[in-house]
There are 2 protein chains.
Amino acid sequence: MMLERHSISVKMVLMATSNRNPRRSDALSRDRIVEAAIEILDTEDESDLTFRALTTRLSTGAGAIYHHVANKNELLAAATDEVIGRVLAEIAVDTEPRRAIRAISLSIFDAIDAHPWVGAQLSHDPQPAVLRIWKAVGLQLRDLGVTGSAQSDAGSALISYVLGSAAQYAAGARRSPNDTDRKAYLKALAAQWTQRDPDPFVDEMATQLREHNDREQFLAGVEIFLTGITAQTSWLVPRSQ
Amino acid sequence: MMLERHSISVKMVLMATSNRNPRRSDALSRDRIVEAAIEILDTEDESDLTFRALTTRLSTGAGAIYHHVANKNELLAAATDEVIGRVLAEIAVDTEPRRAIRAISLSIFDAIDAHPWVGAQLSHDPQPAVLRIWKAVGLQLRDLGVTGSAQSDAGSALISYVLGSAAQYAAGARRSPNDTDRKAYLKALAAQWTQRDPDPFVDEMATQLREHNDREQFLAGVEIFLTGITAQTSWLVPRSQ
DNA sequence: ACCTGAACACCGTTCAAGT
DNA sequence: ACCTGAACACCGTTCAAGT
């Protein structure tokens, strides 16, 4: 509140410099808004992304943001698309489809590890980011010889698995930013399980829950998928071996 | 607004009858609140579940609800647990683990088809419903001979897949309540894909998207899983065949 | 065309006051 | 113990008014 006047003077300085350095212009744009949203989502809590927080950070009015973005949902989708797009673009082109599928899956997992809010977002409404993922996975499946509805089924299965894991993991990761917190969280969750259902079998499951490693378990799941797809494909099309 | 007075008089009638018929008592309880929440979520839009809507339906005050439920998140978790608990309890005990896993997966899929809001909820924070699902799946995997960390990995993979599919499907299903709407939605989404990325390969994917059947594709994914788990298990423990 | 910021129509949650 | 309902501290979104 007390910074209001100060932020105005900062803006005036920026306006002054922008005359000499147009690259540092403070002109509002969709990209700048999305960028600011990502910063807030990464730095603060997911609930801290409000239009009021955005207007403060961008030192502008609410209406100005609506001039570039239709609503909050579109803004969240754009932020998600930006993060996923960046991550998928970085994947090295690999000639071996199975290795490429592992790399794609893992890069999405890591992106959600770094930006937990993306995990929740990816299983919401039409997401442009999901098309990117479908294309990346689909191309590798094609190279693997999986086509037509089999490709659609396999792609759907893998993508649902990746997004499902991501969302599950992100739900916990949001409240445990580091490794120690994560372990404490899993321990508490395991205790909750055994308390809620005092059954020896649940006890065993709780032990596994406590001791598992997220990343390794995620990769184990990808392997189950690849094995399943390969086995089903080789059943139809015998390998040249 | 104008019904305010009327709802009060209705309540007074209920109070009068409750003296003679205690089973129809209007006493507030956690169960009654959860039940009312499920009704609103099923009947109206997800965003229509507000504490004001609840107080109107239960003809009470906001504070009364907070006396039985900690907050909105807990209410949503309880509603989700109620739906999933009901569905899992109905599954016939099947001696063949693979058939049982198919039944469990499908019943969760169908529950989310009937209550799309459950799909979004299941990939949020600690959900008691998720323990139920883990236990149901874990027991079948054990019967299949999968134990220890292999059981944990396989269970995690299957559950992530089921919840991921459910969330993806529910995201679309929320805005297309019937089959005709669903087809129109898929057609629009496919058109969006081809428009956003004019690539022959994306065109093929869009065709598959338009023509696929949700339920069949979901089951195809479960099959890929079962094949993968079986193949990996038989690799380690040769079948007695 | 782009931006401002007050105003609108909501939320979830709290809490003094009642029974 | 259980309930009431006004009040609080927020939201996303709109829109007349400015440049």
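Chain letters run A, B, ... following the sequence lines, proteins first, then strands; residues in each count from 1.
Within the 4.5 Å cutoff, no side-chain heavy atoms of A:K187 are placed close to those of A:L209.
Between the P atom of D:dG12 and the CD atom of A:E46 lies a distance of 13 Å, rounded to the nearest Å. Rounded to a whole Å, the CG atom of A:L54 is 14 Å from the P atom of C:dC3. Taking atom NE2 of residue B:H67 and atom P of nucleotide D:dA1, one finds them 8 Å apart after rounding to whole Å. Atoms CD1 (A:I33) and P (C:dC2) sit 12 Å apart, rounded to a whole Å. Look at CG on A:L28: it is 13 Å from P on C:dG5, rounded to the nearest Å. A:D48 has its CG atom 11 Å from the P atom of D:dG12, to the nearest Å. In this structure, A:R32 places its CZ atom 15 Å from P of C:dC2, rounding to the nearest Å. Whole-Å rounding puts the B:I65 CD1 to D:dG5 P distance at 13 Å.
Between A:F218 and A:F109, the ring planes lie parallel to each other; the angle is under 30°, not in the 30° to 60° tilted range. Between B:Y66 and B:F51, the ring planes lie parallel to each other; the angle is under 30°, not in the 30° to 60° tilted range.
Judged by distance alone, the side chain of A:S156 and the main-chain N or O of A:S152 form no donor-acceptor pair under 3.5 Å. Under the 3.5 Å distance criterion, the side-chain polar atoms of A:S160 are left unmatched by any main-chain donor or acceptor of A:A157. With hydrogens and angles disregarded, no donor-acceptor distance shorter than 3.5 Å links the side chain of A:H67 to the backbone of A:G63. Using a distance-only test at 3.5 Å, with no hydrogens or angles considered, a donor-acceptor pair links the side chain of A:T55 to the main chain of A:R52. Within the 3.5 Å criterion, the main-chain N or O of A:L49 finds a donor-acceptor partner in the side chain of A:K72.
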Practice item. Any chance you could lay out the side-chain hydrogen bond (donor to acceptor under 3.5 Å, both in side chains) test for A:S29 and A:D31, step after step, and finish with the verdict? Key: CA-CA 5 Å; A:S29 69; A:D31 282 350; 5.5 Å; no

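Using a 4.0 Å heavy-atom cutoff across all strands shown, B:L75 reaches no nucleic acid atom at all.
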Check your understanding: Could you write nucleotides 13-18 of chain C as a row of B, S and -, 5' to 3', where a protein heavy atom under 4.0 Å of any base atom gives B, of only sugar-phosphate atoms gives S, and otherwise -?
Key -> BBB---

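Take the nearest nucleotide of DNA chain D for B:G61 and for A:S47: the residue whose nucleotide is more 5' is B:G61.
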Point to revise | Pairing pattern in dot-bracket form [Watson-Crick, G-U; both distances under 3.5 Å; | = partner strand] for DNA chain C | key: ||.|||||...|||||.||

